[in-house]
Amino acid sequence: IHVIAPCNWMANTARASGTTFDRLSVIPYGIDTALYRPMDKEKVRRKLGLASNKPIVLLSAGDITDKRKGMRDAIDALTKSYPDINPLVLVVGKMQPETRVLFESLDVFETGYLRDDKKKAEYFAAADVFLFCPLDDNMPLTILETMATETPMVGYATGGIPEVVEHERTGYLARKGDVTDVIRGLQQALIGRQAMEWGREARRVVERQYTHEQFLLKHIELYSSIRALGSLVAASVK
């Protein structure tokens, strides 16, 4: 058995679990870069009915109530950054009635849970930044998808995220739990207008390292090397 992890953080966590992994490789996720791509923000915002006179901050999770996704910290950062930053908060994911109370002081646009990847790609491309403050996570696909649309991440350096996002080059990485640092990142991205530059570089990184084609090729190469090793072992036994 050969185990594959999507990031070094996950691989090291597996090794530290006490389970013996003789063969463990790291192959990052790959995404569809033709689907998740940069779009003209003004045009896609008009199409989606989003206000275009405010910066747009994206919050996204399959379930917004999942505590591991750190929505309370993200909302705290948005609330405390007002009025310097007064964005439209684009919420992509399932929202429960009790969760909406947390957003009362914010200008919010809800999409609900999106099963249509094309529509999701449009919403991701419409945002200026992806605000993500997870308390636990590995290497979320959402980060690669938003990066591919030239929407950089601002948030916590959790789990395998620092393996993908480079601080102040393709996004902003704050210390986990440091909401004040997250606010600095939002200010730098939106007031300091670094978001566009980070977003362009983020797209270039995805094209170089995280495409479907690269993902498939790395698996084929690994499979071929395992077969070749197996043949050598079998030959030596004979």
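Count residues from 1 along the sequence.
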Pairwise side-chain contact, [X] with [Y], heavy-atom cut-off 4.5 Å (strictly under):
X	Y	answer
L59	F103	yes
S60	F124	yes
R37	R203	yes
L58	F132	no
S224	E221	no
Y210	V164	yes
M153	I161	yes
R23	I1	no

Got a second to check how far [X]'s [atom1] is from [Y]'s [atom2], nearest 0.5 Å?
X	Y	atom1	atom2	result
R45	I56	CZ	CD1	3.5 Å
Y123	D116	OH	CG	10.0 Å
I31	I143	CD1	CD1	11.5 Å
L50	E42	CG	CD	10.5 Å
E201	M147	CD	CE	8.5 Å
D128	K54	CG	NZ	12.5 Å

What is the minimum heavy-atom distance between [X] and [Y], and which atoms define it?
X	Y	result
M39	L35	CE-O, 4.3 Å
C7	G160	SG-CA, 4.0 Å
G159	P162	O-CD, 3.4 Å
L48	A126	CD1-CB, 4.2 Å

Below 3.5 Å, can you tabulate the donor-acceptor pairs from side chains in residues 183-194 to any protein atom, sequence neighbours excluded?
unit_1 : atom_1 : unit_2 : atom_2 : d
R184   : NE     : D181   : OD1    : 3.4
R184   : NH2    : D181   : OD1    : 3.3
Q188   : NE2    : E168   : OE2    : 3.1

Check against side chain to side chain contact (heavy atoms under 4.5 Å, CB included), K120 and D117
CA-CA 5 Å; K120 186 169 69 169; D117 282 333; 3.6 Å; yes
Evaluate the criterion side chain to side chain contact (heavy atoms under 4.5 Å, CB included) for residue pair V182 and L131; output intermediate values, then yes/no.
CA-CA 9 Å; V182 174; L131 179 57; 3.6 Å; yes
Go through T79 and L106 one step at a time and tell me if the side chain to side chain contact (heavy atoms under 4.5 Å, CB included) criterion holds.
CA-CA 7 Å; T79 303; L106 301 170; 4.3 Å; yes
Kindly check if the number of other-residue, nucleotide or ligand heavy atoms within 6.0 Å of CZ (R100) is above 12?
yes
Please indicate whether R208 has more than 12 foreign heavy atoms, meaning atoms of other residues, nucleotides or ligands, lying under 6.0 Å from its CZ.
yes
Enumerate, atom names and distances included, each donor-acceptor pair closer than 3.5 Å involving a side-chain atom of residues 134-142, sequence neighbours excluded.
unit_1 : atom_1 : unit_2 : atom_2 : d
D137   : OD2    : K69    : NZ     : 3.0

Who clusters with [X]? Use side-chain heavy atoms, under 4.5 angstrom, across I, L, V, M, F, W and Y, and order the result by chain and number.
X	result
W9	M10
Y113	none
M196	none

Could you please spell out the steps behind the side chain to side chain contact (heavy atoms under 4.5 Å, CB included) verdict for T151 and K41?
CA-CA 10 Å; T151 298; K41 290 191 183 295; 3.6 Å; yes
Which residues pass the salt bridge (charged side-chain N to carboxylate O under 4.0 Å, His left out) test with K119, not counting sequence neighbours?
E122
Does the ring centre of F215 sit less than 6.0 Å away from the ring centre of H219?
yes
Mind telling me whether Y172 and H167 have parallel, tilted or perpendicular rings, with 30° and 60° as the class edges?
perpendicular
